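We count residues from 1, following the sequence as given. Quick caveat, the model's predicted, so the values are computed rather than measured. In listed order, ligands and their atoms are each counted from 1. Keep in mind that the numbers below use all heavy atoms, side chains included, and drop hydrogens, waters and symmetry copies.
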Amino acid sequence: MKLTQIIFIALVLSCTANAADVAAGKAAYEKSCKKCHGGDGTPNPTIAKMMKVEMKALSSKEVQGKSDAVLKKETLEGVGKMKAIAISDAEAANIVAFLRTLKS
Ligand code: HEC
C-alpha cells in the first residue's frame, strides 16, 4: 500500500470516529425522548397537557434556530419544565445530530 493510501484511510477513519452518529442518536432519542417529543419531534399532546406546558416541535424554526451547544445543554440539563435526561455527553451529541435531521 502506498503512503498516500494509508494517509487517506487514516483520515477517513478519524473523521467517522469524531463525527456525531445520527443512527446512534436516533436510537437514543427513541429510548429517551420519543415518549414526550414524538418520533419526528411533534410534541405528545398528552404529555404537554399533563405537564401544563406548550411544547414546541423539535423540527420547528424556533428550536432548530438554537445552536448545537444549546440543544445539547438543554438535553443534558433540562429546560423549563423538562427535567435533565440522564445520558452521556456523547449520546447527547449524537441526539443533537439526529435532531438536525428533523428540521422542517
Ligand atoms: C418527560 C417528558 C420529556 C422527555 C422524556 C424529554 N423531554 Fe424535552 N421537553 C419536554 C417538555 C415538557 C419541554 C418544554 C419545556 C418548557 O418549555 O418548559 C421540553 C423541551 C425540550 C427542548 C427545548 C424546546 C424548545 O422549546 O426550545 C429540547 C431541545 C428538548 N426538550 C429535547 C429533548 C431531548 C433531546 C430529549 C431526550 C434526550 C428530551 N427532550 C426528553 C419534555 C420531555
With the threshold set at under 4.0 angstrom, would you say Val96 reaches ligand 1 through any of its heavy atoms?
no
For Gln5, does the CD atom have more than 12 heavy-atom neighbours from other residues, nucleotides or ligands under 6.0 Å away?
yes
Note the single closest protein heavy atom to atom 4 (C) of ligand 1, along with its residue, its atom name and the distance in Å.
Cys36 SG, 3.3 Å
Using heavy atoms and a threshold below 4.0 Å, how should the contact between Lys66 and ligand 1 be classified: side chain, backbone, both, or neither?
side chain
Heavy atom of the protein closest to atom 26 (O) of ligand 1 (residue, atom name, distance):
Lys56 NZ, 3.6 Å
Give the contacting part of Val53 toward ligand 1: side chain, backbone, both or neither, where contact means a heavy-atom distance below 4.0 Å.
side chain
For ligand 1, which atoms have a heavy atom of Ile85 less than 4.0 angstrom away?
5 (C), 6 (C), 38 (C), 41 (C)
May I ask you to check whether over 12 heavy atoms, not counting those of Lys81, lie within 6.0 Å of atom NZ?
yes
By number and element, which atoms of ligand 1 are closer than 4.0 Å to a non-hydrogen atom of Ile95?
35 (C), 38 (C)
For atom 28 (C) of ligand 1, what's the nearest protein heavy-atom neighbour? Residue, atom name and distance, please.
Leu58 CD2, 3.8 Å
Hey, does Leu71 have a side-chain heavy atom less than 4.5 Å from the side chain of Val63?
yes
Does Ala57 offer a backbone N or O that forms a donor-acceptor pair with the side chain of Ser60 under 3.5 Å?
yes
Short N or O distance, Lys81 and ligand 1, threshold 3.5 Å exclusive
yes
Suppose we measure from atom 14 (C) of ligand 1 to each protein heavy atom; which comes out shortest, and what is that distance?
Met55 CG, 4.0 Å
Going by heavy atoms, is Glu91 under 4.0 Å from ligand 1?
no
Heavy atoms, side chains only, cut-off 4.5 Å: are Leu76 and Ile87 in contact?
yes
Purely on distance, is any nitrogen or oxygen of Thr75 under 3.5 Å from one on ligand 1?
no
Quick test: of every protein heavy atom, which one is nearest to atom 36 (C) of ligand 1, and how far off is it to 0.1 Å?
Cys33 SG, 2.8 Å
Sub-4.0 Å atoms of ligand 1 with respect to non-hydrogen atoms of Met51
12 (C)
Is the closest side-chain heavy-atom distance between Asp89 and Lys72 below 4.5 Å?
yes
Answer yes or no: is there a donor N or O on one side and an acceptor on the other, between the side chain of Gln64 and the main chain of Lys61, under 3.5 Å?
no
Side-chain contact, heavy-atom cut-off 4.5 Å: Met82 with Glu74?
no
Any donor-acceptor N/O pair, Asn44 side chain to Gly38 backbone, under 3.5 Å
no
Could you check Val22 against Tyr29 for side-chain contact (heavy atoms from CB on, under 4.5 Å), going step by step and ending with a plain yes or no?
CA-CA 10 Å; Val22 173; Tyr29 178 90; over 6 Å; no
Just which atoms of ligand 1 are under 4.0 Å from any heavy atom in Glu74?
23 (C), 29 (C)
Using heavy atoms and a threshold below 4.0 Å, how should the contact between Glu62 and ligand 1 be classified: side chain, backbone, both, or neither?
neither
Looking only at protein heavy atoms, what sits closest to atom 24 (C) of ligand 1 is Val63 CG2, 3.8 Å
For Ser104, does its backbone N or O pair with a side-chain atom of Ser59 as donor and acceptor, under 3.5 Å?
no
Going by heavy atoms in the side chains, are Arg100 and Asp68 under 4.5 Å from each other?
yes
Could you list the atoms of ligand 1 found under 4.0 angstrom from a heavy atom of Leu71?
29 (C)
Would you say the side chain of Ile95 lies within less than 4.5 Å of the side chain of Cys33, judging by non-hydrogen atoms?
yes
Taking atom 13 (C) of ligand 1 as the reference point, the nearest protein heavy atom with its distance:
Met82 CB, 3.8 Å
Nearest neighbour of atom 5 (C) of ligand 1 from the list Ala57, Ser32, Gly65, Ala84, on a heavy-atom basis
Ser32
Which residue and non-hydrogen atom of the protein lie closest to atom 22 (C) of ligand 1, and at what distance in Å?
Val79 CG1, 3.7 Å
